[in-house]
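Heads up, the thing below is written out as structure tokens.
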4 protein chains.
Amino acid sequence: MNRRTGKESKESILEAAIKVFSEKGYSQTTVREVAKEAGISVGGVYIYFKNKEDLYATLLNYLLKDFSDRTKETVKDMSGPADALYAVIAMNLKYARRYKGIIIAEGRDRGFKSCLDVKKRFFKKQRRLIEDIIKTGTASGKFKECNVKTAARVIIGILRGFVFSLLIDSTALYSAEDCSNIILNGLLRRKE
Amino acid sequence: MNRRTGKESKESILEAAIKVFSEKGYSQTTVREVAKEAGISVGGVYIYFKNKEDLYATLLNYLLKDFSDRTKETVKDMSGPADALYAVIAMNLKYARRYKGIIIAEGRDRGFKSCLDVKKRFFKKQRRLIEDIIKTGTASGKFKECNVKTAARVIIGILRGFVFSLLIDSTALYSAEDCSNIILNGLLRRKE
Amino acid sequence: MNRRTGKESKESILEAAIKVFSEKGYSQTTVREVAKEAGISVGGVYIYFKNKEDLYATLLNYLLKDFSDRTKETVKDMSGPADALYAVIAMNLKYARRYKGIIIAEGRDRGFKSCLDVKKRFFKKQRRLIEDIIKTGTASGKFKECNVKTAARVIIGILRGFVFSLLIDSTALYSAEDCSNIILNGLLRRKE
Amino acid sequence: MNRRTGKESKESILEAAIKVFSEKGYSQTTVREVAKEAGISVGGVYIYFKNKEDLYATLLNYLLKDFSDRTKETVKDMSGPADALYAVIAMNLKYARRYKGIIIAEGRDRGFKSCLDVKKRFFKKQRRLIEDIIKTGTASGKFKECNVKTAARVIIGILRGFVFSLLIDSTALYSAEDCSNIILNGLLRRKE
DNA sequence: TATGAATGAGGCTTCATTCAT
DNA sequence: CATGAATGAAGCCTCATTCAT
């Protein structure tokens, strides 16, 4: 009957949940559906997760942590702040495409405390990462002087927009180049 | 029992729906709740709207149209493309704050065809508006040369991000100045 | 569809609940069953009762109040304290037979606060009633001197025993005469 | 992993079951809980007991037999019928306090045949015990003449009441003295 | 038009029981 | 003997929708 270890089962449920939640969002996803996708019974899900909310929060935590780590890793290898920012944007777009529906979407409307905490921690990390990039940029003279905190917040907002745009319009194909180009150069003509 | 006219009833339902959907999102809102808020019976709602989806789509249409019109109006009065863009951003932030939960949120996960159409039309209008601003900008030499379509799409994405940021973090206080500043000038230092 | 007024529906649900709970106890009774017995849908039950516990507590309250009132009424008509006590015993036995399973049984194991309150109030009333009977008895010289409070508590316990005995053994046919005989006269031979 | 013998395991399950069932009653007790309390796996329980009902019936049998034996033992040492009855009452109160929830409670509503048999046998024994006491009492002239069977049944009912009163109201502190006093002497004033 | 009681499908969750290891 | 993951039936409850009045 149980051909898997507990850990394997938990992971396969988590994977299934990522898939289903990604496609349908929180409220449209049934536990039964996740169970089926994971190849386990309904009751089986409740061995590993206290309830639907717990499953969602765990998944969110897992995903955001993974995303956070990878982004940090990628940024580390970049030579300059512009490249770093580009990398962050690219990373965001890539994940958005992959985990359509989860990264930002829903969970919000439930106001699950467990989710809010997870998200808050994540956004804080991201903000720090971007603040660092901006600081490095201004320190090296590549970026102009600006209020680092404000700029970072705005960038975060912009990133969210790219991500969310992908979510609501799957045909939208934002390129990281185009996005970073505007963020870096702005629209205004530079005085020569 | 002072009866309302049909139109009045429909409108009060719509208003109630805007309020409740804004606060709780689609799936967490019950028809009963909307009815109560509108001071009408449950059955009453179904006289004016085919079903919950219809109510939502109607509301969305109403709201987005209103938003679209006002934005266009506001932009018309602006002297330059930078001011116009600023106005659009300010408009987005203002509406986001007011109709928390509706403008972007949910409805998405349902993939209601009726909503998709409404949204598609709306985003098209917005894109055109922004494309026009950019065109005017480049034509007048204030904006640098760029792929108008691409730039507009990116701007739209950015706007969404600002809006969405407000939705998920009610403490976030994006100022239109900060936002437009980055979009217009970018982060990179201008060569002097 | 709805041939009944709200009040009628609520009452028929209550009646059905009394019947089913009486027969099967709390945990073995399903809401569906009560609904069916009441000739209403499952959802219909939830129009009138917040949940299963509420239904049970309401029913308990209704039944105990009814019992309390009738007992008081009956006692009022009795000429002496011995007759009064007899009447109380008879009343208890009669109700026990009719509402097998409810009066005392279950609900207890759930520890529903709502039920506890209802019961506490009921037992207090009954205790007072019996205390009064005993007081009258001793005052008139028919009952011997005793600690009224203690005696009343013991009598209450005894009553519970008769009731409960009926519940667990439907073949047991306690007669009010036999019961009151022992309570009044005791087992010991009277010294002559 | 120091393994227990089968007998030890079975006993520890039974003890655990007594504890948990006593506290929560039948339907509110889960097999998992009993297993945990016994320090054994869920499956382990099913090695020694066919199912939950079997566990309950076994426990009931064990408990009632133990109770029966001890009562008989205690009664044997008593000098007179009044003392004997007092001892029986004290015994009942003591056990009721200890095995709150089991002796009488639940199981009833399930109507488990296995439990009914166990109980029937128990009550028969108790009735005989009490009948004997009464017989001895009347034979010795200490108790007045009465229908032994009827009196015994009434006494049994009364005992149940004391027990049950303790179960539903843990603050109730019935003293065996008070209880036996009424049973022996009754409420009516003795003619002198 | 308006009401609101009624419906019933369907979601979440629990738990006695089984069985591969 | 023992384990504990897995099963799946069944219970409680919600809520969009209908319809007799």
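To find a chain, count down the sequence lines: A is the first, B the second, and so on, and within it residues start at 1.
- For the pair B/Glu33 CD and E/dG4 C1', the computed distance is 17 Å after rounding to whole Å.
- Taking only side-chain nitrogens and oxygens, C/Ser41 comes nearer than 4.0 Å to OP1 or OP2 of E/dT7.
- Stem regions for DNA chain E, each three or more consecutive Watson-Crick or G-U pairs with both distances under 3.5 Å and listed by first number, read E:2-21 with F:2-21.
- In this structure, A/Phe67 has its ring center no closer than 6.0 Å to that of A/Tyr99.
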Please produce a list of atom pairs where a protein N or O lies less than 3.5 Å from an N or O of nucleotides 10-13 of chain F.
residue, atom, partner, partner atom, Å
F/dC12, OP1, C/Thr29, O, 3.4
F/dC12, OP1, C/Lys52, NZ, 2.9
F/dC12, OP2, C/Val31, N, 3.1
F/dC13, OP2, C/Tyr46, OH, 2.6
F/dC13, OP2, C/Lys52, N, 3.0
F/dC13, O5', C/Tyr46, OH, 3.4

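- E/dA2 atom P lies 12 Å from atom NZ of B/Lys10, rounded to whole Å.
- Between D/Tyr48 and D/Thr58, every side-chain heavy-atom pair lies at or beyond the 4.5 Å cut-off.
- In this structure, CG in C/Asn51 is found 8.0 Å from OG in C/Ser114, a value given to the nearest 0.5 Å.
- In this structure, the CD1 atom of B/Ile47 is 14 Å from the C1' atom of F/dA20, given to the nearest Å.
- Here F/dT14 presents its P atom at 15 Å from CZ of C/Phe49, a figure rounded to the nearest Å.
- Summarising the geometry, the separation between CD on A/Glu8 and C1' on F/dG4 is reported as 15 Å, rounded to the nearest angstrom.
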For a side chain to side chain contact (heavy atoms under 4.5 Å, CB included) check, start with the C-alpha distance between B/Leu64 and B/Phe123, then their side-chain angles and the critical distance, and finish with the verdict. CA-CA 9 Å; B/Leu64 292 183; B/Phe123 286 129; over 6 Å; no
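- When ring centroids are compared, B/Tyr26 and B/Phe112 come within the 6.0 Å threshold.
- The separation between B/Ile40 atom CD1 and E/dG4 atom C1' is 12 Å, rounded to whole Å.
- Each of B/Gly44 and A/Gly43 was assigned the nucleotide of DNA chain E with the nearest heavy atom; the assignment lying further toward the 5' end belongs to B/Gly44.
- For the pair B/Asp117 and B/Lys113, the salt-bridge criterion is met [side-chain N within less than 4.0 Å of a carboxylate O].
- Look at C/Tyr48 and you'll find a side-chain N or O under 4.0 angstrom from OP1 or OP2 of E/dA6.
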Given C/Leu60 and C/Phe122, is the side chain to side chain contact (heavy atoms under 4.5 Å, CB included) satisfied, shown in steps? CA-CA 10 Å; C/Leu60 204 63; C/Phe122 169 72; over 6 Å; no
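- Without hydrogens or angle criteria, D/Lys10 side chain to D/Ile47 main chain gives no donor-acceptor distance under 3.5 Å.
- Taking atom CD of residue B/Glu11 and atom P of nucleotide E/dT1, one finds them 14 Å apart after rounding to whole Å.
- With B/Glu8 contributing its side chain and B/Thr5 its backbone, the two residues share a donor-acceptor pair below 3.5 Å.
- Per the geometry, NZ belonging to C/Lys7 stands 20 Å off C1' belonging to E/dA6, to the nearest Å.
- With the nearest nucleotide of DNA chain E identified for both C/Val45 and B/Ser9, B/Ser9 has the one nearer the 5' end.
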